[in-house]
J.: 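Before we start, here is the structure in question, set down as structure tokens.
As the structure is a prediction and not an experimental result, all values here were calculated from the model.
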Amino acid sequence: MNNNTENKEIKRKNGAIIGLSIATGVLALSTLGLGIGLGVVNDQSMSYKTELENVYQRSLYDLVDSVNNTEIKLSKLLASSGNTYQKKMLLEVSKNTNEAQGYIASLPLSQKNIEENIKLINQISGYTSTLAEKLANGGSLTTAEIDTLESIYQNILQLKNQLNKFVSKVEQGYSIVDNSLELDGEQNFFTRDLLPIKDVDIDYPTMIYDGPFSDSVVNSEIKGLTGAKVSREEAAKKINDSFKDVVSLSFENEMTGGRFDTYNFSMENADSERLYVQVSQIGGHILTVSGAGHDDKSINIDKEQAKTLALNFVKANGIENPEVVWTDTILDQTYFNIAPIQNGVVLYPDLIKVKVDNSTGTIVGYDATTYFTNHTARTLSTANVSESSTRAKIPNKFEIASSRLVLAPLEYNREVLCYEYECDYQGDTYYFYLNAETGNEENILKVIETNDGSKLL
């Protein structure tokens with residue numbers, strides 16, 4: 001079985017939707033806020049502080065390079081009238097912005113700001129990749145699309161100017177670590193000084209990253225945190241119980257006043273993997289884990305073993321009835337989107353993301369913030385229309401590969417019980433969402449394969 005056939009079979013078995021920007025990793029968006037407050041507490045050694053400062057500065061300079069390259073490519077794109085050259089520039093912009101996402105995520109920006117900036121950069125990457133695909137299929141850029149690219153260019157130009165001014169401050173002795181520990185309201189000083197860009201009103205196509213509804217209901221109140229407030233020592237015990245072979249565990253600081261109040265730790269295991277872990281102060285739940293994995297890129301566990309490790313980890317951290325709804329392996333790491341199942345219904349609003357290092361079996365990436373934002377005891381509505389009646393509404397030209405009931409987060413913060421149909425047509429994959437109460441068509445998404453992964457439009 002070739003790789004394309006194998007990947008398609010994996011998607012069908014899981015009823016999965018491959019997400020946008022695979023090259024950046026499923027957890028590109030899931031490390032939001034991990035940079036927050038991962039500075040150095042006063043009693044830590046100066047060598048560790050210097051090491052962390054160097055890491056932050058390297059991420060900053062890499063971000064500057066990516067943004068500078070993006071601005072140059074966009075300016076060339078807007079000056080071009082040839083489809084071939086336009087497509088080349090669009091793909092390079094998508095590549096540069098893909099890289100920028102990871103660099104932003106690794107800087108200690110305050111949570112709201114890092115969310116805004118990564119989301120915008122991710123949208124730019126997806127939008128330019130979409131246009132490149134359109135040109136590759138013989139299309140051309142419309143006046144509206146060129147106007148949108150001009151708006152994007154002005155936004156990137158603003159970011160470029162801000163970043164380059166800030167770099168001069170760093171070169172004159174500005175400490176990212178020190179300023180990330182000082183707060184100015186809900187922002188730390190570093191975020192305030194960097195002056196990150198604000199989202200502008202750009203009309204992007206509707207995109208869903210990392211599988212269906214992975215960025216759902218992001219502005220709702222916190223519904224899923226349960227339990228009493230835990231102490232710092234209890235949070236540390238939670239980490240020790242959740243990870244194998246913990247060699248060292250250091251408390252970094254605590255963050256309050258944001259979406260989640262957290263205790264933040266750095267840890268190292270027996271495989272010399274360094275991880276940063278956030279634990280909620282309410283309930284002592286592990287919210288996020290971030291780490292690069294082991295330097296040894298050998299594969300010592302297969303995908304099924306990685307799946308078992310991922311499911312066991314989420315179960316141990318309080319996620320009931322989890323099921324893998326999307327999976328992919330990139331080099332030596334396997335990525336999973338996991339959703340709870342209630343009465344056979346996939347709860348997309350409660351999605352969890354996990355990354356496993358296949359060389360050591362360590363959980364090196366984890367994001368349960370969406371779950372703890374949205375999860376609540378739900379009384380699911382009844383499917384008043386039959387699966388067969390909604391299936392009949394799928395046009396005959398589409399071959400239905402799979403179907404299931406899902407709770408889909410839709411516009412206006414609605415959660416709607418739907419029949420999800422994965423369908424094939426002329427080699428393309430589509431997903432239809434039909435309301436299980438009314439039979440009405442709620443949404444249709446198409447999987448677009450690109451050099452940088454897949455996305456849904």
Side-chain angles (χ1 to χ4, degrees), residues 8 10-20 26 126 204-220 223-224 319-327 336-353 370-371 373-425 428-448 454-457:
K8 189 170 183 181
I10 290 171
K11 287 192 287 183
R12 288 190 174 182
K13 286 182 179 179
N14 292 306
I17 303 177
I18 303 300
L20 176 63
V26 171
Y204 300 104
T206 299
M207 298 180 186
I208 297 174
Y209 305 99
D210 307 334
F213 315 115
S214 64
D215 192 25
S216 62
V217 201
V218 295
N219 295 315
S220 64
K223 300 177 181 178
I319 312 301
E320 297 182 357
N321 302 317
E323 181 176 300
V324 171
V325 295
W326 177 86
T327 181
F336 299 95
N337 279 3
I338 296 173
I341 307 298
Q342 180 178 332
N343 299 331
V345 177
V346 177
L347 303 182
Y348 277 135
D350 299 356
L351 203 65
I352 306 104
K353 303 174 188 178
T370 297
Y371 176 88
T373 297
N374 299 327
H375 183 68
T376 186
R378 295 181 177 90
T379 301
L380 298 178
S381 59
T382 303
N384 293 328
V385 295
S386 66
E387 192 270 348
S388 59
S389 64
T390 55
R391 178 182 288 261
K393 294 184 178 182
I394 306 297
N396 291 332
K397 65 181 181 181
F398 291 92
E399 179 183 353
I400 298 175
S402 66
S403 64
R404 60 184 175 186
L405 275 173
V406 303
L407 188 66
L410 300 175
E411 70 277 7
Y412 311 117
N413 284 351
R414 293 186 299 146
E415 293 185 349
V416 178
L417 186 69
C418 291
Y419 289 104
E420 175 191 74
Y421 293 96
E422 178 191 356
C423 302
D424 294 329
Y425 175 64
D428 292 322
T429 301
Y430 295 78
Y431 288 83
F432 290 77
Y433 294 88
L434 284 87
N435 193 305
E437 297 180 65
T438 65
N440 294 334
E441 187 176 81
E442 292 284 356
N443 204 358
I444 301 174
L445 301 174
K446 180 183 179 182
V447 177
I448 305 295
S454 306
K455 61 184 171 293
L456 275 75
L457 298 177

J.: What distance separates E399 CD from E422 CD, expressed to the nearest 0.5 Å?
T.: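 It comes to 10.0 Å.
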J.: Determine, stepwise, if the pair V324 / F336 fulfils side chain to side chain contact (heavy atoms under 4.5 Å, CB included).
T.: CA-CA 7 Å; V324 171; F336 299 95; 3.9 Å; yes
J.: Going by the salt bridge (charged side-chain N to carboxylate O under 4.0 Å, His left out) test, which pairs reach into residues 382-391, not counting sequence neighbours?
T.: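 Every pair satisfying salt bridge (charged side-chain N to carboxylate O under 4.0 Å, His left out) with a residue in residues 382-391: E387-R391.
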J.: Could you state the interatomic distance from NZ (K393) to OG (S388), rounded to the nearest 0.5 Å?
T.: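 Between K393 NZ and S388 OG, I get 11.5 Å after rounding to 0.5 Å.
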J.: Who are the side-chain contact (heavy atoms from CB on, under 4.5 Å) partners of A436, not counting sequence neighbours?
T.: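 For A436, the residues satisfying side-chain contact (heavy atoms from CB on, under 4.5 Å) (neighbours in sequence not counted) are A383, L405, L417, Y419.
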J.: Please test V406 against V325 for side chain to side chain contact (heavy atoms under 4.5 Å, CB included), starting from the C-alpha separation and ending with a verdict.
T.: CA-CA 11 Å; V406 303; V325 295; over 6 Å; no
J.: Quick one: list whatever passes side-chain contact (heavy atoms from CB on, under 4.5 Å) with N321, sequence neighbours left out.
T.: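 Result, side-chain contact (heavy atoms from CB on, under 4.5 Å) vs N321: none returned.
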J.: Please check: side-chain N/O of K353 versus main-chain N/O of I338, any donor-acceptor pairing under 3.5 Å?
T.: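 Pair absent, no side-chain N/O of K353 close to backbone of I338.
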J.: Distance from K223 atom NZ to N374 atom CG, nearest 0.5 Å?
T.: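 K223 NZ to N374 CG: 6.5 Å, rounded to 0.5 Å.
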J.: Tell me, please, which residues at least two apart from R378 pass salt bridge (charged side-chain N to carboxylate O under 4.0 Å, His left out).
T.: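 R378: salt bridge (charged side-chain N to carboxylate O under 4.0 Å, His left out) contacts with D350, E415.
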J.: For Y433, does its backbone N or O pair with a side-chain atom of N443 as donor and acceptor, under 3.5 Å?
T.: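 No, N443 side chain to Y433 backbone: no donor-acceptor pair under 3.5 Å.
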J.: Write out all pairs satisfying ring-ring contact (aromatic ring centres under 6.0 Å, His included) with one or both partners inside residues 376-403, taking only residues at least two apart or from two chains.
T.: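 As it turns out, the ring-ring contact (aromatic ring centres under 6.0 Å, His included) pairs with a partner in residues 376-403, which skip direct neighbours, are F398-Y425, F398-Y430, F398-F432.
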J.: Cut-off 3.5 Å, side chains only: do T370 and T373 have a donor facing an acceptor?
T.: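 The criterion, which ignores hydrogens and geometry beyond distance, is not satisfied for T373 and T370.
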J.: Looking only at heavy atoms, what is the nearest atom pair of P349 and L407, with distance?
T.: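 That would be CD-O, 3.2 Å.
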J.: Quick one: are S402 and Y421 in side-chain contact, heavy atoms under 4.5 Å?
T.: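 Counting from C-beta outward, S402 and Y421 never come under 4.5 Å.
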J.: How many angstroms lie between CG in N435 and CD in E442, if you round to the nearest 0.5 Å?
T.: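 These two atoms lie 4.5 Å from each other.
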J.: Can you list the residues that meet the salt bridge (charged side-chain N to carboxylate O under 4.0 Å, His left out) rule with E320, with sequence neighbours excluded?
T.: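 In terms of salt bridge (charged side-chain N to carboxylate O under 4.0 Å, His left out), with neighbours along the sequence ignored, E320 is linked to no residue.
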J.: Between the main-chain N or O of N440 and the side-chain N or O of T438, is there a donor-acceptor pair closer than 3.5 Å?
T.: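 Checking the backbone N and O of N440 against the side chain of T438, a donor-acceptor pair under 3.5 Å is found.
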J.: Heavy atoms, side chains only, cut-off 4.5 Å: are P322 and I352 in contact?
T.: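 Not in contact.
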J.: Can C418 and L434 be said to form a side chain to side chain contact (heavy atoms under 4.5 Å, CB included), step by step?
T.: CA-CA 5 Å; C418 291; L434 284 87; over 6 Å; no
J.: Find the distance between CG (L347) and OG1 (T376) and round it off to the nearest 0.5 Å.
T.: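 If I round to the nearest 0.5 Å, the distance is 11.0 Å.
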